[in-house]
Amino acid sequence: MSVKELLQSTDCGIEVEVKGWVRTKRGNKQVNFIALNDGSTINNIQVVVDMEKTPEEVMKKVTTGAAVHVKGVLVESTGSGQAREIQASEVIVMGEADPDKYPIQPKKHSLEFLREVAHLRFRTNIFGAVFRIRHAMAYAIHKYFNDHGFYYLHTPLITASDCEGAGEMFRVTTLDPKNPPLLEDGSVDFRQDFFGKSTNLTVSGQLEGELGAMSLGRIYTFGPTFRAENSNTTRHLSEFWMIEPEVAFYDINDNMDLAEDFLKYLIRYALDNCMDDLQFLSKRLQEEEKDKKAEDRSMELIEKLQFVLTHDFERVTYTEAIDILMNSKPNKNGKFQYPVTGWGVDLQSEHERYLVEKHFKKPVILTGYPKEIKAFYMKQNPDGKTVAAMDVLFPQIGEIIGGSQREENYDKLVTRMQEVGIPVSSMWWYLDTRRFGSAEHSGFGLGFERLLLFVTGMGNIRDVIPFPRAPKNAEF
């Protein structure tokens with residue numbers, strides 16, 4: 001049985017066996033107490049060992065980090081904090097952990113240190129909680145879309161197109177880096193490469209997702225994406241996971257409805273299924289911030305999640321938001337790091353958070369962005385200046401979802417591609433969906449790790465993915 005099952009068991013006096021890793025051991029010559037965890041729950045089960053019945057040489061090997069197999073009787077716990085404990089009849093050490101070398105000792109470790117031992121940080125309470133929640137959110141995403149008639153589409157990781165038009169992509173090649181074939185002008189001859197052209201790791205599955213939606217109706221992608229952006233911040237990764245639904249016959253309003261319902265479903269699922277881990281993470285966050293001023297502390301984690309569930313998302317145009325921000329006290333008093341100078345500026349996280357946390361005091365969906373600061377594929381509004389874009393803004397994090405109604409008009413899309421310098425000839429397959437049976441359609445992207453930052457309350461995106469990939473960091 002797992003530790004979780006044993007702690008929840010209503011039986012007493014039954015013979016049980018459990019395997020796990022030692023978190024702590026304490027005691028005396030008569031009795032030892034082992035806190036055992038197998039990863040199934042944030043909670044440990046206490047194993048009570050009668051030292052007269054257990055060889056001393058065995059118990060010497062029972063140190064923090066050791067893997068043990070315990071046989072015994074499940075009894076009602078006499079200690080506080082748990083209903084059940086095990087009276088051990090036999091303790092078998094399956095794998096020792098040298099206490100002089102094992103880095104995860106029962107003391108407080110910094111998150112920076114734990115990133116250096118990411119192969120072992122799963123053993124800690126904090127990362128056990130984070131990655132159990134990560135699993136639950138991944139399952140909930142698939143369940144939501146399956147229950148709402150979406151089809152899971154696997155879009156390619158290797159691509160010859162750049163969805164964002166940013167050019168910050170990882171190249172995929174088999175050419176000799178020391179002596180690549182060259183054209184007469186000195187550039188690399190990618191015709192001799194494996195795929196016969198220049199290819200990269202994808203930054204998004206959206207473009208291919210649109211192709212699926214224009215036949216299957218409702219699709220979603222959920223897979224890794226890659227950005228070769230040299231950003232060493234708490235919110236950027238070079239490899240991360242994206243959820244991208246695309247829906248035929250949806251306009252921007254349908255898209256906003258879907259995004260709001262989807263996010264609320266995921267948060268409700270976390271509250272219903274991950275409460276032990278959420279409570280642990282909440283207490284940790286409060287402990288971390290206890291010395292901060294009240295106005296500088298984060299909203300309590302579970303309260304923050306409930307905040308999203310209990311409010312309808314405010315829908316505001318970019319133009320309205322700019323007016324609010326320009327007339328805000330932080331902007332007038334020079335408190336924003338990036339002053340809001342007028343219509344056309346790209347909003348920063350501090351602006352987005354002000355709108356959510358200070359002005360509207362609820363989640364916000366911004367629409368109608370200037371077309372110059374948004375991607376080529378977004379539907380152009382009748383005013384000729386804005387596009388049918390939407391960004392969902394959350395407290396303490398800013399943008400959590402970005403999406404739009406896609407431009408279904410062939411001529412407008414081609415013109416826009418030419419304006420931003422995207423070769424029309426190489427995107428013939430994408431344009432074909434506008435030539436044959438075109439229809440309005442919409443979609444959005446949710447960064448999985450960005451969602452996890454919000455749900456877990458963690459402050460660094462490298463702490464919500466098992467093995468973070470970032471500039472100068474590709475360990476494990």
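A quick note: this is a predicted structure, and the numbers were derived from the prediction, not measured.
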Intermediate values then yes/no, ring-ring contact (aromatic ring centres under 6.0 Å, His included), H351 and F336: CA-CA 8 Å; H351 308 140; F336 283 144; 4.9 Å; yes
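- Between E314 and K362, at least one side-chain nitrogen of the basic residue sits less than 4.0 Å from a carboxylate oxygen of the acidic one, meeting the salt-bridge criterion.
- With 3.5 Å as the limit, one finds a donor-acceptor pair spanning the side chains of S231 and E229.
- A salt bridge is defined here as a Lys NZ or Arg NE, NH1 or NH2 lying under 4.0 Å from an Asp or Glu carboxylate O, and D432 with R435 meets this definition.
- Taking a cutoff of 4.0 Å between a charged side-chain nitrogen and a carboxylate oxygen, R353 and E350 do not qualify as a salt bridge.
- Contact check on R434 versus E408 returns no salt bridge, with no Lys/Arg side-chain nitrogen under 4.0 Å from an Asp/Glu carboxylate oxygen.
- Using a 4.0 Å cut-off between charged nitrogen and carboxylate oxygen, R406 and E246 count as a salt-bridge pair.
- In this structure D189 satisfies the salt bridge (Lys or Arg N to Asp or Glu O under 4.0 Å) test together with R191, sequence neighbours excluded.
- Atom CZ of R171 has 12 or fewer heavy atoms from other residues, nucleotides or ligands within 6.0 Å.
- You'll find the ring centres of F145 and Y152 outside the 6.0 Å limit.
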Stepwise side-chain hydrogen bond (donor to acceptor under 3.5 Å, both in side chains) check, D38 with S2: CA-CA 7 Å; D38 65 355; S2 70; 4.7 Å; no
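- Between E288 and R297 no salt bridge is recorded (no basic side-chain N to carboxylate O distance below 4.0 Å).
- Ring geometry for F444 versus F262: interplanar angle of 30 to 60°, hence tilted.
- Geometrically, K374 engages Y369 in a cation-pi contact, judged by NZ or CZ lying under 6.0 Å from the ring centre and within 45° of the ring axis.
- Classification of the F150-Y220 ring pair by plane angle, with boundaries at 30° and 60°, yields perpendicular.
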Verdict with reasoning, E260 to R315, per salt bridge (charged side-chain N to carboxylate O under 4.0 Å, His left out): CA-CA 11 Å; E260 180 170 351; R315 301 183 182 189; 3.6 Å; yes
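- Within the structure, salt bridge (charged side-chain N to carboxylate O under 4.0 Å, His left out) contacts touching residues 453-464 (residues at least two apart or in different chains) are R115-D463, R121-D463.
- Within a 6.0 Å radius of NZ in K385, no more than 12 heavy atoms belonging to other residues, nucleotides or ligands are found.
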Salt bridge (charged side-chain N to carboxylate O under 4.0 Å, His left out) evaluation trace for E287 with R284: CA-CA 5 Å; E287 180 66 23; R284 171 201 162 269; over 6 Å; no
ring-ring contact (aromatic ring centres under 6.0 Å, His included) assessment of F122 paired with F467: CA-CA 11 Å; F122 305 101; F467 304 105; 5.7 Å; yes
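- The structure places OG1 of T319 at 7.0 Å from CG of D323, a figure rounded to the nearest 0.5 Å.
- In this structure, F394 and F313 have perpendicular ring planes: the angle between them is above 60°, well past the 30° mark.
- In this structure, the side chain of S328 engages the main chain of L325 through a donor-acceptor pair within 3.5 Å.
- Counted by atom type alone, S298 and E289 present one or more donor-acceptor pairs between their side chains at under 3.5 Å.
- With rounding to the nearest 0.5 angstrom, the CD atom of E475 is 8.0 Å from the CZ atom of R469.
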Check against ring-ring contact (aromatic ring centres under 6.0 Å, His included), H135 and F131: CA-CA 6 Å; H135 158 78; F131 293 118; over 10 Å; no
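- For the atom pair T456 OG1 and L278 CG, the distance stands at 8.5 Å (nearest 0.5 Å).
- R134 and E449 are joined by a salt bridge, as a carboxylate oxygen and a charged side-chain nitrogen come within less than 4.0 angstrom of each other.
- Note that the CD atom of Q405 and the OH atom of Y250 stand 12.5 Å from one another [nearest 0.5 Å].
- Below 30°, between 30° and 60°, or above 60°: for H311 and F307 the angle between ring planes is between 30° and 60°, a tilted geometry.
- Aromatic ring orientation, H142 versus F222: tilted (interplanar angle from 30° to 60°).
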